[in-house]
Amino acid sequence: MEKERIAHEEEEKERAERMKKIKEQFTDPNSQWEKDKTDIQNEAMRENAKEKAKVEAAAKEASELETKSEAVPKEAKADSKVEAKADSKPAAKAQ
């Protein structure tokens, strides 16, 4: 009878140890899901910030080019008219 009790206690110990190992291996996945979720959100925010910075840089560059092109055409228009008139006269004389 004593041997049966000892054998039964050992079986219970082994079961408890197996259950403990199983619980350690298969921890609650919710904490990992939450961690992964925040990592993905942070990465998405970083990508959005990079895209926004690129768009702003392109817009700034475009506005700088626009302001430069607005200043140049007034002078260029006057010069181009003079050049166009000068070019057209020799062509007319050559004919």
Side-chain angles (χ1 to χ4, degrees):
M1 180 107 167
E2 185 67 26
K3 289 180 184 179
E4 290 176 7
R5 185 182 63 81
I6 292 173
H8 184 68
E9 286 177 2
E10 285 181 25
E11 286 176 12
E12 289 295 321
K13 256 188 189 178
E14 288 175 6
R15 277 192 206 132
E17 286 177 18
R18 274 188 271 139
M19 291 302 290
K20 184 178 176 183
K21 286 181 183 178
I22 290 171
K23 285 182 182 180
E24 288 173 357
Q25 288 178 347
F26 300 103
T27 58
D28 185 25
N30 289 334
S31 62
Q32 185 64 36
W33 280 108
E34 290 299 320
K35 182 182 176 223
D36 292 345
K37 178 181 168 184
T38 55
D39 289 345
I40 291 169
Q41 287 174 341
N42 290 339
E43 186 64 30
M45 287 173 52
R46 278 189 228 118
E47 287 180 15
N48 285 340
K50 286 180 184 177
E51 288 295 322
K52 188 175 181 181
K54 285 181 183 178
V55 168
E56 288 175 356
K60 184 178 178 182
E61 186 176 320
S63 67
E64 288 175 357
L65 289 174
E66 191 174 293
T67 54
K68 286 181 182 178
S69 66
E70 288 175 358
V72 172
K74 291 178 184 176
E75 297 169 2
K77 285 180 184 176
D79 291 341
S80 66
K81 287 181 182 177
V82 171
E83 288 176 15
K85 287 180 183 177
D87 289 341
S88 66
K89 288 180 183 178
K93 289 179 183 177
Q95 290 178 352

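Predicted model, so just to flag it, every value in this text is computed and none were measured.
- Going from atom CD1 of Ile6 over to atom CD of Glu10 covers 7.5 Å, rounded to the nearest 0.5 Å.
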Would you mind writing out the side-chain donor-acceptor pairs for residues 36-44 within the sub-3.5 Å range, not counting sequence neighbours?
unit_1: Asp36; atom_1: OD1; unit_2: Gln32; atom_2: NE2; d: 3.0
unit_1: Thr38; atom_1: OG1; unit_2: Glu34; atom_2: O; d: 3.3
unit_1: Thr38; atom_1: OG1; unit_2: Lys35; atom_2: O; d: 2.8
unit_1: Asn42; atom_1: ND2; unit_2: Thr38; atom_2: O; d: 3.3
unit_1: Glu43; atom_1: OE1; unit_2: Arg46; atom_2: NH1; d: 2.7

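- Arg5 pairs with exactly one of His8, Lys3, Glu9 by the side-chain contact (heavy atoms from CB on, under 4.5 Å) rule, that one being Glu9.
- Remark: Glu56 engages no residue in a salt bridge (Lys or Arg N to Asp or Glu O under 4.0 Å) (not counting sequence neighbours).
- Contact check for Arg15 versus Glu11: side-chain heavy atoms found under the 4.5 Å cut-off.
- Applying the salt bridge (Lys or Arg N to Asp or Glu O under 4.0 Å) criterion to Glu51, with sequence neighbours excluded, gives no partner residue.
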